[in-house]
Amino acid sequence: MAVTVLSGTSGALYYKPAGTVGTFGTAGVDTTDDEITVAPYLGFRVGDPVVFSVVNSQTGGTGTGTLPAGLTAATTYYVIAYTAATGVLKVSATAGGSAVDLTDVGTITSPNEFQVAYAEFAAVGQVQSWSFEISRAEIDVTTIGQPVGQYAPFRAYIPGFADGSGSATIYVTNEDSNLANRMVEDVLYRQQIGCAFKLYSDKQSSEALSRSIAMEAPLLTASQTINQDDAQQVEITFRPASVPTFDFSTSA
C-alpha cells in the first residue's frame with residue numbers, strides 16, 4: 001500500500017485570544033441599557049465573535065438555567081463594546097450592529113452561572129512555523145536490599161507528571177484585526193482565561209480529515225525581530241494548562 005508522507009506546508013495555527021471568557025449572574029444583566037457586566041480587564045475587543053451558555057461553576061461543565069431573553073445558546077454574537085475598567089459588555093447579533101435587546105435577566109441558581117466566551121478557533125494568518133513538545137517526569141522507586149547477581153540491578157521508575165511547551169513564529173501584518181498582531185499584546189494580559197491553541201499538522205478543507213492538537217495554553221513570552229531586510233517577526237511561547245486533545249484520525 002502506498003504511503004504519503006505529510007508535508008509541513010499543510011500545517012496551520014488557530015487561536016482563541018486571551019481573556020475572552022467571562023461569567024456573570026442575573027445581577028450583571030442590565031435590561032435598561034442592554035448591557036452585561038463580566039469581570040474587568042479581560043481581553044474582549046470590538047468585533048470578537050462570542051457565544052453564551054450556562055455553566056456549572058463547580059464542575060466547569062454544562063449547567064442548568066435560562067439565558068437572559070434576547071440571547072440564545074450556541075448562537076454567535078459580536079462584541080460592540082467592552083469597558084475594561086468596569087467589565088461592561090455589549091453584544092450584537094451582527095458585526096457592528098445594534099445592541100441585542102435584553103428583556104429579562106434570565107434564571108439561574110448557584111452553582112450555575114452564565115458564561116460568554118470567544119466563539120471558535122480562528123486562523124492566525126502569516127504563520128511561519130509552530131512547534132509543540134510534551135514530556136513525562138519519572139519518579140525513582142528503586143528499593144535497596146536487592147539480591148546480588150551477576151549484573152548490576154537496574155533502577156525502577158514510575159511515570160510522574162506530564163508537561164509541555166510550544167512556540168510559534170508569526171509575521172506581523174498591517175491588518176489591525178489580524179490575530180498574529182493580537183498575540184503579542186495577549187502575552188501581557190493578567191487574565192489568560194480563554195487563551196487556547198489548535199495546532200494543525202495536516203489542515204484540510206474538511207475538519208474531519210484534518211489532524212490537530214488543541215489545548216488551553218497561557219502565553220508566556222513574545223520576542224519581536226525587526227530589521228531592514230526581513231519581514232517583521234514575533235516568536236511566542238506557550239504552555240498547556242490541561243491535557244491537550246489529540247485528533248490524529250482522518251476517519252470520516
**OP:** Tell me, yes or no, whether the heavy-atom count around Gln191 atom CD, taken from other residues, nucleotides or ligands under 6.0 Å, exceeds 12.
**Re:** yes

Original post:
What are the two closest heavy atoms between Pro49 and Thr76, and how far apart are they?
Top reply: CB-CG2, 3.8 Å

Original post:
Under the 3.5 angstrom rule, does the side chain of Asn112 hit a backbone N or O of Gly63 as a donor-acceptor pair?
Top reply: no

**OP:** State, to 0.1 Å, how close Pro111 and Ser57 come at their nearest heavy-atom pair, and which atoms those are.
**Re:** O-OG, 2.6 Å

Subject >> Smallest separation among heavy atoms of Asp104 and Ala69, with atom names >> reply: OD1-N, 2.9 Å

Original post:
Is there a path from Tyr118 to Val55 through hydrophobic residues (I, L, V, M, F, W, Y) whose side chains come within less than 4.5 Å of each other?
Top reply: no

Subject >> Shortest non-hydrogen contact from Pro159 toward Ile139 >> reply: O-CD1, 4.2 Å

Original post:
Counting distance only, does the side-chain N/O of Thr59 pair as donor-acceptor with the main-chain N or O of Gly61 below 3.5 Å?
Top reply: yes

**OP:** Examine Leu179 and Ile193 and state if one hydrophobic cluster contains both, with Ile, Leu, Val, Met, Phe, Trp and Tyr joined whenever side-chain heavy atoms are less than 4.5 Å apart.
**Re:** no

Original post:
Looking only at heavy atoms, which two atoms of Val234 and Ala222 are closest? And how far apart?
Top reply: CG1-CB, 4.2 Å

Original post:
For Gly125 and Ala180, which heavy atoms make the closest approach, and how far apart are they?
Top reply: O-CB, 3.8 Å

**OP:** Please check if the side chain of Tyr77 supplies one atom and the backbone of Ala95 the other of a donor-acceptor pair under 3.5 Å.
**Re:** no

Original post:
When rounded to the nearest 0.5 angstrom, what is the spacing between CZ in Phe238 and OG in Ser165?
Top reply: 8.0 Å

Subject >> Sub-4.5 Å side-chain heavy-atom contact between Ile108 and Thr26 >> reply: yes

Original post:
Under the side-chain hydrogen bond (donor to acceptor under 3.5 Å, both in side chains) criterion, do Thr107 and Thr66 qualify, and how do the steps go?
Top reply: CA-CA 5 Å; Thr107 56; Thr66 304; 3.2 Å; yes

**OP:** Can you measure from OG1 (Thr250) to CG (Leu209) and round to the nearest 0.5 angstrom?
**Re:** 6.5 Å

Original post:
For the residue pair Tyr15 and Phe121, is the inter-centroid distance of their aromatic rings smaller than 6.0 Å?
Top reply: no

**OP:** Measure the CD-OG1 distance between Glu235 and Thr225 for me, rounded to the nearest 0.5 Å.
**Re:** 8.0 Å

Original post:
Between Pro244 and Phe132, is any pair of side-chain heavy atoms under 4.5 Å apart?
Top reply: yes

Original post:
Ignoring hydrogens and geometry, is there a side-chain-to-backbone donor-acceptor pair from Gln192 to Asp186 under 3.5 Å?
Top reply: yes

Original post:
Taking it one step at a time, do Ile80 and Val91 satisfy side chain to side chain contact (heavy atoms under 4.5 Å, CB included)?
Top reply: CA-CA 5 Å; Ile80 56 174; Val91 299; 5.7 Å; no

Original post:
Applying the 4.5 Å side-chain criterion to the ILVMFWY set and letting contacts propagate, would Val21 and Met215 be lumped into a single cluster?
Top reply: no

**OP:** Please confirm whether the backbone N or O of Leu71 pairs with a side-chain atom of Thr75, one donor and one acceptor, at under 3.5 Å?
**Re:** no

Original post:
Are any of the side-chain nitrogens in Asp48 or Arg182 under 4.0 Å away from the carboxylate oxygens of its partner?
Top reply: yes

Original post:
Taking atom CD of Gln204 and atom OG of Ser10, what is their separation to the nearest 0.5 Å?
Top reply: 6.5 Å

Original post:
Are Val88 and Tyr78 grouped together when hydrophobic residues (ILVMFWY) are joined by side-chain heavy atoms under 4.5 angstrom apart?
Top reply: no

**OP:** Inspect the contact between Arg45 and Glu185 and indicate whether a charged nitrogen and a carboxylate oxygen are less than 4.0 angstrom apart.
**Re:** yes

Original post:
Taking it one step at a time, do Ile134 and Phe246 satisfy side chain to side chain contact (heavy atoms under 4.5 Å, CB included)?
Top reply: CA-CA 12 Å; Ile134 53 176; Phe246 296 90; 4.0 Å; yes

**OP:** Check whether any side-chain N or O of Gln146 sits under 3.5 Å from a backbone N or O of Thr143 as a donor-acceptor pair, and report yes or no.
**Re:** yes

Subject >> Gap separating the CD atom of Glu207 from the OG atom of Ser212, nearest 0.5 angstrom >> reply: 6.0 Å

**OP:** Answer yes or no: is there a donor N or O on one side and an acceptor on the other, between the side chain of Tyr82 and the main chain of Leu42, under 3.5 Å?
**Re:** yes

Subject >> Side chains of Val172 and Gln224 in contact at under 4.5 Å (non-hydrogen atoms) >> reply: yes

Original post:
What class does the angle between the rings of Phe24 and Phe52 fall in, given that below 30° is parallel, 30 to 60° is tilted and above 60° is perpendicular?
Top reply: perpendicular

Original post:
Quick one: which of Asn181, Leu13, Ile236 gives a side chain to side chain contact (heavy atoms under 4.5 Å, CB included) with Val124?
Top reply: Leu13

**OP:** Tell me, yes or no, whether the heavy-atom count around Phe248 atom CZ, taken from other residues, nucleotides or ligands under 6.0 Å, exceeds 12.
**Re:** yes

**OP:** Could you please spell out the steps behind the salt bridge (charged side-chain N to carboxylate O under 4.0 Å, His left out) verdict for Asp34 and Lys90?
**Re:** CA-CA 7 Å; Asp34 297 323; Lys90 281 191 173 186; over 6 Å; no

Original post:
Are Phe197 and Tyr14 close enough that their ring centres sit under 6.0 Å apart?
Top reply: no

**OP:** Would you check if the side chain of Arg136 reaches a backbone N or O of Gly160 as a donor-acceptor pair within less than 3.5 Å?
**Re:** yes

Original post:
Does any donor atom in the side chain of Ser167 or Ser131 lie under 3.5 Å from an acceptor atom in the other side chain?
Top reply: yes

**OP:** Please report the C-alpha distance between Leu89 and Val116 in whole Å, then the side-chain angles of each, then the deciding distance to 0.1 Å, and finally whether the side chain to side chain contact (heavy atoms under 4.5 Å, CB included) criterion is met.
**Re:** CA-CA 10 Å; Leu89 176 77; Val116 55; 4.1 Å; yes

Original post:
Just wondering, do Ile170 and Met183 contact through their side chains at under 4.5 Å, heavy atoms?
Top reply: yes

Original post:
Would Arg239 and Glu216 count as a salt bridge (charged side-chain N to carboxylate O under 4.0 Å, His left out) if you check the C-alpha gap in whole Å, the side-chain angles of each, and the deciding distance to 0.1 Å?
Top reply: CA-CA 8 Å; Arg239 185 181 300 281; Glu216 295 181 357; over 6 Å; no

Original post:
Do any N or O atoms from the side chain of Asp33 and from the backbone of Glu35 form a donor-acceptor pair under 3.5 angstrom?
Top reply: no

**OP:** Report yes or no: do Tyr41 and Val79 belong to one cluster of Ile/Leu/Val/Met/Phe/Trp/Tyr joined by side chain heavy-atom distances under 4.5 Å?
**Re:** no

**OP:** Begin from the C-alpha positions of Gln128 and Tyr171 and carry the test side-chain hydrogen bond (donor to acceptor under 3.5 Å, both in side chains) through to its verdict.
**Re:** CA-CA 7 Å; Gln128 184 193 71; Tyr171 293 113; 3.2 Å; yes

Original post:
Looking at side-chain heavy atoms only, is the closest gap between Pro218 and Cys195 below 4.5 Å?
Top reply: no

**OP:** Output, in order, the C-alpha distance, side-chain angles, deciding distance and verdict of side chain to side chain contact (heavy atoms under 4.5 Å, CB included) for Thr103 and Thr31.
**Re:** CA-CA 6 Å; Thr103 56; Thr31 57; 6.0 Å; no

**OP:** Measure the OG1-CD1 distance between Thr23 and Ile36 for me, rounded to the nearest 0.5 Å.
**Re:** 12.0 Å

Original post:
With a 4.0 Å cut-off, would you call Asp140 and Arg155 a salt bridge?
Top reply: yes

